[in-house]
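Each remark here refers to the structure printed beneath this line.
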Amino acid sequence: MNFFTVSFFIIYFSVGAGELCTKITENLHYSCMGRNLSYIPPSIPSSVQTLDFSFNDLKHLQKTVFPVLPFLRVLDLSRCHIKHIENDTFNNVKNLTALILTGNPITYFGPGCLSSLSNLQRLVLVDVGLLSLQLQMNNLTKLQELRVGTNNIQSVSLPSIMSNFKDLHLIDLHANNISMIKTDQTAVLREIGRNMTLILSRNPLSYIEPGAFKDIYLRELDIRSAFVSSAAQKAGLQALYGLNVKRLMFGKFKGDFKFQFSDADVLDGLCSIHFQEIYYYIIERPSETVFIFRCMINATNVLVKHGVIDEMEYVFFHEIKELYLLQNQLATLPGKQLSHLHTLEKLVISHNIEPIRPGTFIDMPKLQYLDLSSNRMTLTRCCTTLLSGTPQIRYLNFSQNAEISIELGGLDGLASIEILDFHHTRVLDLGYYSVLSNLTYLRYLDVSYSSITFINIFSFYGLRKLEILKVAGNHFRGDVARYLFNNLTLLEHLDMSYCRVVELHPSSFKNLQRLRLLNVRGNKLMTIDFLALPDLKRLTSLYADKNSITSIPLHVLQKLPTNLSEFDLSSNPIDCSCSQTDFILWIIQNQNILKQPENIFCKTFSPSSDFRATDFDIDSCVHKKRLTIVLSVCFVTVVVLLSFLVYRFQFYLQYCCILLRGYRSPGQQECSYDAFVIFSSYDEVWVMNELMENLENGVPPIQLCLHMRDFQAGKSITSNIIDEGILGSRKIIVVVSQHFIDSAWCRFEFELAQSRFMLEHSPNIIIIILEDVEEGKTKKVFGLHKHLKKNTYLKWSRDPLSNMRFWIRLRKAIIAKKK
Ligand SMILES: *[C@@H]1O[C@H](CO)[C@@H](O)[C@H](O)[C@H]1NC(C)=O
Ligand SMILES: *[C@@H]1O[C@H](CO)[C@@H](O)[C@H](O)[C@H]1NC(C)=O
Ligand SMILES: *[C@@H]1O[C@H](CO)[C@@H](O)[C@H](O)[C@H]1NC(C)=O
Ligand SMILES: *[C@@H]1O[C@H](CO)[C@@H](O)[C@H](O)[C@H]1NC(C)=O
Ligand SMILES: *[C@@H]1O[C@H](CO)[C@@H](O)[C@H](O)[C@H]1NC(C)=O
Ligand SMILES: *[C@@H]1O[C@H](CO)[C@@H](O)[C@H](O)[C@H]1NC(C)=O
Ligand SMILES: *[C@@H]1O[C@H](CO)[C@@H](O)[C@H](O)[C@H]1NC(C)=O
Ligand SMILES: *[C@@H]1O[C@H](CO)[C@@H](O)[C@H](O)[C@H]1NC(C)=O
Ligand SMILES: *[C@@H]1O[C@H](CO)[C@@H](O)[C@H](O)[C@H]1NC(C)=O
């Protein structure tokens, strides 16, 4: 192999290892689990303290397998196909405190291989084909736990050196092949300290030499499923006489084969064992009545699980503190049997196989904890029928039963309750009356899914100390929810999920200044504007998923509680339209606090759409917005332009309107004047002195319409021009002068007049040229230039002769019949 090949391999390996092992804590904790590795990757730093190397392929362990890892404490080599462990294997990892070799088919176990591990505290040799406990453990003086379950060990005999191991507190020998225990095998156990837990479960014990455990002190002895037969168990228990054990666990694991009981005294051996706590797991129904509790009379803790006991015997426990009856077949709560137990503090009767009938617990002055959950029990008139003389009760769990009705005053003797759990039990009366009002110490109340309809706003009246309230899966009548929680000022956790709430008034959470968690999941809320309430500033978690929320307004988003770190908005029909860009942008930017942001879908496009809000393209909205702005600007410009035009040409528009009005009734208008005179007020002198004088006083008199004289007061000028002048006169006389051309009004009148006669096709406009006007200027007045070219006109002159002719022609023109 040349140099290049070597370096290639080194590079390849380090790259590969980088991918192969997972860094859990930089420099300290690495996991190479399940990577089919046959070497420790060089990428593992020498500072590593914990290395999970399970499920790899090591086969043959020797010193060279491990680099020098002086800080390595925990090494997991489970299921690495290890067959062979050399004496010097762990020399480079001397400081291990935990070594796990579970599930390796070890055929050669170097007798000195553990010697270097003088700091080892935990040695796990489960399922490694071990045949005996006689390992070279001389140097393991700090050993605390030895787990050698699932091997082929046949004897409990320990190496004598172990009696010096001061810290040893666990020897797990479960599922070995121990069928016999003799007195000489327990010698080391007898010398070991009193804190030892010995697990012998799942062994095929058929014989224990009587007295083999006499004067042995153990913390715990587990002999569940450890006997081959009922007889062996009976004899075995008897042989254990003189044993002192704090906790004794016996009976059988669920699923294990069952014994045939024949003797009523199978458990008599227990009477000569000294124990405090006893855990009995029965799975079989004895054919005889077995006095299960007879020898447990001095115990402080008793647990009977999976027992097929249907009635409890009367036992006067002297010192009992805790009693657990789990998954039994009790027909009735053993109220009579357990009443008057003055030492009992904790009683758990739960998961009974059959629905249980209630009973009454009387005079249990120390009872603090009562768990009657999951018994399918129906209890009426709680709680006087259940408890009496139990003044210390703090915990009452009645969850997962059938039904409970609480009478008013029913909790009177139970004022010290701090934790009350009724979930999944139908609770009557709670929504109607303030039945809990005396529970002034209550901290935790769970009435989830209790079929309650809250009708009374005082349902939680008096619960001043309540910190956790769960009302999920119930209903609120009307706006009861608005007032129900108002006085619960110490509330930190409120679960009102799945309550079919459509709307929440912001003041529903008034005064809840300590609220940290609010769950409104699975309701029908469309807004969560209450979030802006300053009272909710401590909120850290809000679950609002599975509602009908389409958006959250910007002002609410801006006032969100500052410490909100968990916000579930998923499964809402989010409106992803451009009007919601603030909201969508907020979603995109706050994915760190949003729970399951990938499940926030846009329902704008279609209800079944799976378009994620986080994928929404805000930029497209910016373009749309720009387009809208441009269009708006164009629109405004057009409007301004139009307004200007309308202003500029308002006369014509008005005229058009009036014209349309006028022409709607053509012919009906009787002409009251012979001629309407259009002239500039500068020419008024001429009009009054010459025109009026000559025409009105002549024969026949010609009636002129002059604006300063004949226009009706109070009418708009335009209307006057049209009604009186143009429509009310048969002819129009236009007095053209320099001033006429300059006057907007004159031009306007002329144009109006033209348009009337243009429509009527009659040349009834008579033009008088009072003074010469440049031809170019006549073009300023629309139509005048054309008119002058096409029609004859009269020209005023001071010369008396032509003056005379002027008046004659003018009269003729006026009098001439309209066509
Ligand atoms: C594990 O690695 C060995 C070579 O080291 C290879 O022969 C074997 O196929 C690998 N097994 C798997 C499951 O990858
Ligand atoms: C392994 O060590 C033990 C004692 O520590 C020793 O007796 C034995 O000879 C050693 N075996 C080998 C193969 O080195
Ligand atoms: C056993 O531990 C002692 C010190 O605790 C040490 O000197 C000795 O070398 C260890 N034995 C082996 C075989 O490592
Ligand atoms: C268990 O030990 C007995 C001897 O006590 C032996 O006959 C039997 O084969 C062992 N069982 C197994 C599974 O090794
Ligand atoms: C007894 O053992 C337990 C573990 O089973 C351990 O936590 C405790 O520290 C030990 N106590 C003494 C005094 O050794
Ligand atoms: C219970 O303890 C008393 C003395 O405290 C003793 O006389 C009695 O035998 C014990 N009973 C059982 C079953 O251990
Ligand atoms: C009440 O019991 C149920 C069922 O055993 C359990 O799940 C629940 O956590 C208990 N409630 C409390 C408050 O401990
Ligand atoms: C809240 O407390 C006040 C003052 O104690 C009381 O007047 C009011 O009725 C209470 N409201 C509710 C809903 O409990
Ligand atoms: C938010 O959290 C910080 C640190 O956990 C805390 O100091 C602060 O009081 C909290 N703010 C509110 C409003 O609860």
Side-chain angles (χ1 to χ4, degrees), residues 237-238 240-246 248 265 267-278 280 291-303 305 313 315-320 324-328 343 346-353 356 368-377 393-402 404 417-425 427 439 442-450 466-472 491-493 495 512-518 531-542 559-566 593:
L237 287 178
Q238 278 166 350
L240 287 176
Y241 73 83
L243 167 68
N244 293 275
V245 61
K246 188 163 185 282
L248 178 60
D265 54 358
L267 300 179
D268 281 5
L270 288 175
C271 281
S272 40
I273 303 172
H274 304 288
F275 55 83
Q276 292 171 27
E277 302 173 15
I278 184 143
Y280 183 21
F291 296 110
I292 290 173
F293 300 99
R294 199 173 65 85
C295 293
M296 302 179 183
I297 192 161
N298 288 341
T300 58
N301 296 37
V302 174
L303 175 145
K305 192 170 179 183
E313 66 217 64
V315 189
F316 196 76
F317 294 102
H318 298 295
E319 297 172 59
I320 193 150
Y324 303 82
L325 302 174
L326 311 174
Q327 299 177 20
N328 289 299
T343 53
K346 182 170 179 178
L347 176 59
V348 180
I349 301 175
S350 78
H351 297 88
N352 203 61
I353 315 271
I356 206 166
Q368 295 188 6
Y369 188 109
L370 179 59
D371 181 352
L372 298 175
S373 61
S374 302
N375 290 326
R376 291 183 278 160
M377 178 167 39
I393 206 133
R394 301 229 175 91
Y395 175 104
L396 182 56
N397 194 341
F398 207 82
S399 62
Q400 296 171 13
N401 277 295
I404 183 168
I417 290 183
E418 293 172 17
I419 296 171
L420 191 52
D421 191 348
F422 288 142
H423 78 83
H424 285 95
T425 299
V427 179
L439 301 186
L442 198 66
R443 289 186 285 113
Y444 178 106
L445 175 62
D446 189 348
V447 287
S448 311
Y449 303 96
S450 294
L466 202 61
E467 291 168 8
I468 299 176
L469 176 59
K470 302 182 181 179
V471 293
L491 208 60
E492 294 178 4
H493 177 134
D495 180 354
L512 303 192
Q513 285 167 4
R514 297 208 177 189
L515 202 63
R516 284 190 280 106
L517 184 148
L518 178 60
L531 267 188
L533 192 73
D535 283 1
L536 291 181
K537 64 177 187 294
R538 288 243 190 147
L539 210 61
T540 57
S541 305
L542 175 69
K559 282 194 207 146
L560 285 186
T562 45
N563 283 358
L564 195 64
S565 57
E566 217 183 3
I593 69 162

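Computed from heavy atoms alone, side chains included, the values below leave out hydrogens, waters and symmetry copies. Note that ligands are numbered from 1 as they come in the structure, with each ligand's atoms numbered from 1 the same way.
- The CG atom of L491 sits 9.5 Å away from atom CG of L518, with the distance rounded to the nearest 0.5 Å.
- Residues forming a side chain to side chain donor-acceptor pair (under 3.5 Å) with T300 (at least two apart in sequence, or on another chain): none.
- For Y241, there are no ring pair (Phe, Tyr, Trp, His ring centres under 6.0 Å) partners, not counting sequence neighbours.
- When heavy-atom distances to ligand 7 are checked against 4.0 Å, the residues falling inside are H351, S373, Y395, N397, S399, I419, D421, Y444, ordered by chain and number.
- Note: F398 and F422 have perpendicular aromatic rings, judged against thresholds of 30 and 60 degrees for the angle between ring planes.
- Considering backbone and side-chain N/O atoms, N563 comes within less than 3.5 Å of an N/O atom of ligand 9.
- With rounding to the nearest 0.5 angstrom, the OH atom of Y395 is 3.5 Å from the CG atom of N397.
- With sequence neighbours excluded, the residues that form a side chain to side chain contact (heavy atoms under 4.5 Å, CB included) with K470 are Y444, D446, S448, I468, H493, D495.
- Below 4.0 Å from some heavy atom of K537 lie the following atoms of ligand 9, by number and element: 13 (C).
- Aromatic ring orientation, Y449 versus H424: parallel (interplanar angle below 30°, classes split at 30° and 60°).
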